[in-house]
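These notes are about the structure you will find just below.
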2 protein chains.
Amino acid sequence: MTGIDEVARAAGVSTATVSRALRGLPNVSSRTRDRVLATAQELGYVASPSAASLASGRTRTIGLLTPWVNRWFFANVIDGAERALRQLGYDALLYTFDLLDGEPRRRVDPSVLHRRVDGIMVVGLPLDDDEVASLAGLGTPLVFVGSGPAGQVTVRLDDDATGRAATEHLIGLGHRVVGHVTGVPDLVSSWSPPVGREQGYRGALADARLEVGDQLVVNGDFDVEGGRASVRELLRRRPDVTAVFASSDEMAMGAILGARDLGLTVPDDLSVIGVDGHDLGELVGLTTIAQDTLQQGMDAATLLMDMVAGGVAPSVLTYPTELLVRGSTAPPGRASEPVT
Amino acid sequence: MTGIDEVARAAGVSTATVSRALRGLPNVSSRTRDRVLATAQELGYVASPSAASLASGRTRTIGLLTPWVNRWFFANVIDGAERALRQLGYDALLYTFDLLDGEPRRRVDPSVLHRRVDGIMVVGLPLDDDEVASLAGLGTPLVFVGSGPAGQVTVRLDDDATGRAATEHLIGLGHRVVGHVTGVPDLVSSWSPPVGREQGYRGALADARLEVGDQLVVNGDFDVEGGRASVRELLRRRPDVTAVFASSDEMAMGAILGARDLGLTVPDDLSVIGVDGHDLGELVGLTTIAQDTLQQGMDAATLLMDMVAGGVAPSVLTYPTELLVRGSTAPPGRASEPVT
DNA sequence: CTGTTAGCGCCTTCAT
DNA sequence: ATGAAGGCGCTAACAG
C-alpha cells in the first residue's frame with residue numbers, strides 16, 4: 001500500500017507538506033499543492049484513517065445510538081443525520097440498543113465509544129442518569145434527538161404540547177372517555193417522548209375536567225403489534241372508550257387493526273390519532289400530529305459537527321408539529337350514543 | 001488517558017503481556033491474566049481503537065452500503081446485520097447512497113473504505129461493474145444482500161421465482177391483463193431485485209400465453225408515492241388492467257392509494273400484490289410474498305465475519321419466500337366484466 | 001512556505 | 001510464559 005512517504009518522494013517534498021496539501025491546510029504554495037495532489041492521485045494514495053486518528057486524536061466519526069433502525073422515527077432521523085454527516089466527510093457508526101418490554105435493555109457502555117468517535121448522537125434512547133453522566137464524561141460532544149436530559153443539547157418536539165394538541169382534538173370532537181397508548185415504559189428515565197406526551201394528554205383531560213386515570217393508559221411497545229394489543233386491553237378495561245391517542249403512528253395504526261379485530265369501525269366506533277406523520281398513515285386515513293424527522297436528523301448532525309469543531313450549540317431546539325386531520329377521528333358515533 | 005504502559009507498570013508486567021491478556025490470547029498464565037484484567041479495570045483502561053488498528057491492520061468494523069435506511073427492506077436488513085455484528089464485537093459504519101429516479105446516484109468510492117473496514121456489506125444497492133471491481137479490489141471481504149453480481153457472495157431471494165409466484169397468483173385468480181410496478185430503473189446494473197422480479201413476471205405471463213409488454217410495466221421508485229403515481233399512469237395507458245404486481249410492499253400500498261384516488265376499489269376493481277411482508281401490510285389486507293429480512297441481515301453479517309476470519313463463504317444463499325394471501329387480491333370483479 | 005523530528009498507543013515478532 | 005524493541009502511517013510542533 002502506498003504511504004505518505006512514497007507520495008512525498010515522488011513529488012519531491014516532505015511528508016509534512018504532503019499531509020498539509022492533501023488536507024487543504026494553509027501554508028502550501030498552490031504549485032506545490034497541485035503537484036502533490038496530482039502525484040497522490042496518480043499513485044492512488046489514500047491516507048490511513050487509523051494512522052491519522054492516532055496522530056491527530058480526531059476520528060471524523062460520529063456515534064449514533066438508537067434503540068432500533070427499523071422503526072419509522074428512528075430510521076428517518078438516522079437517514080437525515082447520515083446525509084448531513086456525509087456532506088462534511090464524517091462517518092456514522094451505528095449502535096442499537098434493543099428496547100424490549102419487560103427485560104432491561106443493554107446498558108450503554110461508554111468505553112466502546114472511547115477514542116472511537118468525535119461526537120455522539122443519541123436518537124430516541126431514554127438513558128438513565130448514570131449513562132448520561134458516563135457519556136458526558138467521555139468529553140465528547142453529545143446531542144440528543146427526540147428528547148434528552150436537562151442540560152444537554154437536544155433536538156426535539158414539545159411533547160407536552162403534542163400530547164395536548166392530540167387530546168384536545170379528540171375532546172373538541174366531543175369525546176369524553178379518551179384512552180392513551182403510550183410507548184415503552186422506561187423505568188429508569190424520566191424524559192422519553194412518550195412520558196411528555198402522556199403528560200400533555202393528562203393535562204388536556206384535566207383542563208377539560210374529564211376523567212384521567214391509569215386505567216385509560218396502556219403500553220403499546222412503540223410498534224404495530226403493541227398498538228394492536230393495547231386497544232384490546234384498553235377496551236376490555238373500559239368499553240366506554242370512544243377515542244384513543246397513540247404516542248406514535250405505528251401504534252396508532254396497530255390500534256386501528258386492534259379495533260377491527262374487535263369488529264369496531266374507525267372512526268364510527270373509535271377515533272384514533274397518532275404522532276409522526278408516517279408515510280403510510282394515509283393508507284388508513286390516520287389523523288396525526290406530523291413532525292419532520294429527516295430535518296431533525298440533519299439538524300442534530302449539523303449541530304453536533306459544529307460542537308466538534310468547537311462551536312457552542314443552543315441547548316434545546318424545539319421543532320414545530322402540525323395537526324393533520326384525516327379520517328380516523330370523528331365525533332363519537334352510534335356505538336357511544338347514550339342509551340335513551 | 002491511561003495507556004497500556006500504565007497498566008503494565010501497575011500490574012508489574014510488560015505491555016506485550018497486557019496486550020495478550022486483554023485480548024484473550026494464549027500464552028498468558030491465568031494468574032497473570034487475572035491480575036492484568038483487574039488492574040486494567042481499576043485504572044479504567046480502554047485500548048485506543050486507532051492505535052490497535054494501526055498496529056494490527058484490523059479495524060473490527062464493517063461497512064454497510066445501502067441506498068436508504070428509511071425503507072422497510074433496508075432498515076430491517078441493517079437492523080439484523082447490526083445485531084449480529086455487535087454480538088461478535090464488530091462495529092457498523094453506515095454509508096447511504098440515495099437512489100433517486102432520474103439523476104445518477106453518487107458513485108461508490110472505495111477509497112473511503114480503504115483501511116477503514118474489515119468487511120463490506122452491500123445492501124440492496126445495484127452497482128455497476130466498475131464499482132464492484134473497485135470494491136473487490138480493496139481486498140476486503142464483500143457480501144451482497146438483496147442481490148449481487150455473479151461470482152460474489154450474495155444473500156438473496158430467488159427473484160425470478162418471486163415474480164413468477166406473485167404473477168401466477170394473479171393469473172390463477174383469473175386475471176388476464178396484469179400490470180407491473182417495478183423499482184428504480186437502474187441503467188447501470190443488471191442484477192437488482194426488481195429486474196429479476198420483472199423477469200419472473202414476464203415469464204409467468206408468457207407461460208400463460210398472456211400479453212407481456214412494456215406498456216404494462218411502470219416504475220414506482222420503490223416508495224409509496226411512486227407506487228401511487230404508477231397506478232395512475234398504468235391505468236391511463238391501459239384501462240383494462242385488473243391486477244397489479246408491485247415489486248415491493250411499499251409500492252403496492254402506494255398502488256392501493258392510487259387506485260383509491262381513481263375511485264377504484266381493491267380488490268373488486270383492481271387486485272394488488274406486493275413483495276416483502278411489511279408490518280403494515282395487514283392494515284390494507286395486502287397480499288404479498290413475504291421474506292425474512294432481519295434474518296437475511298443477520299446471516300449476511302455472520303457470513304461476512306466468517307470471511308473476515310478467513311473462512312470461505314458459500315457463494316449464494318437463497319432465502320425462502322411465502323405467499324401471504326390477504327384481501328387485496330381476488331378474481332377480477334365487475335369493473336372488468338366483459339360488457340354483454 | 002517547507003523540512004525535521006518526535007511522538008500518537010498499540011501489536012508483534014523475536015528472544016529468553 | 002514473558003519481555004524488549006521495532007514498527008504501523010500519519011500529524012504537529014518547531015525550525016528554518
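Just so it is clear, the values below take in all heavy atoms, side chains as well, and ignore hydrogens, waters and symmetry mates. First the proteins, then the strands, lettered A, B, ... as listed; each starts at 1.
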Find the distance [X]:[atom1] to [N]:[atom2] and express it as a whole number of Å.
X        : N      : atom1 : atom2 : value
A:Ile4   : D:dA12 : CD1   : P     : 11 Å
B:Glu6   : C:dG9  : CD    : C1'   : 11 Å
B:Arg115 : D:dC8  : CZ    : P     : 10 Å
A:Arg35  : C:dT2  : CZ    : C1'   : 11 Å
B:Arg9   : D:dA4  : CZ    : P     : 13 Å
B:Asn27  : C:dT16 : CG    : P     : 18 Å
A:Asp34  : C:dC1  : CG    : C1'   : 15 Å
A:Leu25  : C:dC1  : CG    : P     : 12 Å

>> Using the ring centroid of each side chain, check whether A:Trp68 and A:Phe97 are separated by less than 6.0 Å.
In response: no

> Counting only side-chain N and O atoms of B:Arg23, is one of them less than 4.0 Å from OP1 or OP2 of C:dT12?
Replying inline: yes

Backbone N/O of [Y] and side chain of [X]: donor-acceptor pair under 3.5 Å:
X        : Y        : result
B:Thr302 : B:Met298 : yes
A:Arg60  : A:Tyr90  : no
B:Asn76  : B:Leu294 : no

> For DNA chain C, what residues of residues 50-62 of chain A have any heavy atom nearer than 4.0 Å?
Replying inline: A:Leu54, A:Ala55

>> Per the ring-ring contact (aromatic ring centres under 6.0 Å, His included) rule, what does the pair list look like for residues 33-63 of chain A, sequence neighbours excluded?
In response: none

> Quick one: which of C:dT12, C:dC1, D:dT2 gets closest to the side chain of B:Ser19?
Replying inline: C:dT12

> Can you list the steps and then say if B:Val13 with B:Thr32 is a side-chain contact (heavy atoms from CB on, under 4.5 Å)?
Replying inline: CA-CA 8 Å; B:Val13 295; B:Thr32 310; 3.9 Å; yes

Atom pairs under 3.5 Å, N or O on each side, protein against nucleotides 3-6 of chain C: can you list them with distances?
residue : atom : partner : partner atom : Å
C:dG3   : OP2  : A:Ser14 : N            : 2.9
C:dG3   : OP2  : A:Ser14 : OG           : 3.3
C:dG3   : OP2  : A:Thr17 : OG1          : 2.9
C:dG3   : N7   : A:Arg20 : NH2          : 2.9
C:dG3   : O6   : A:Arg20 : NH1          : 3.2

> Are a donor atom and an acceptor atom from the side chains of B:Arg35 and B:Thr39 found within less than 3.5 Å of each other?
Replying inline: no

> Can you tell me if B:Asp5 and B:Thr15 form a side-chain donor-acceptor pair at under 3.5 Å?
Replying inline: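 Checked: B:Asp5/B:Thr15 side chains show no N/O donor-acceptor pair below 3.5 Å.
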
> If every non-hydrogen atom of B:Ile62 is compared with every non-hydrogen atom of B:Asp118, which pair is closest and at what distance?
Replying inline: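 Nearest heavy atoms, B:Ile62 then B:Asp118: CD1-C, 4.4 Å.
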
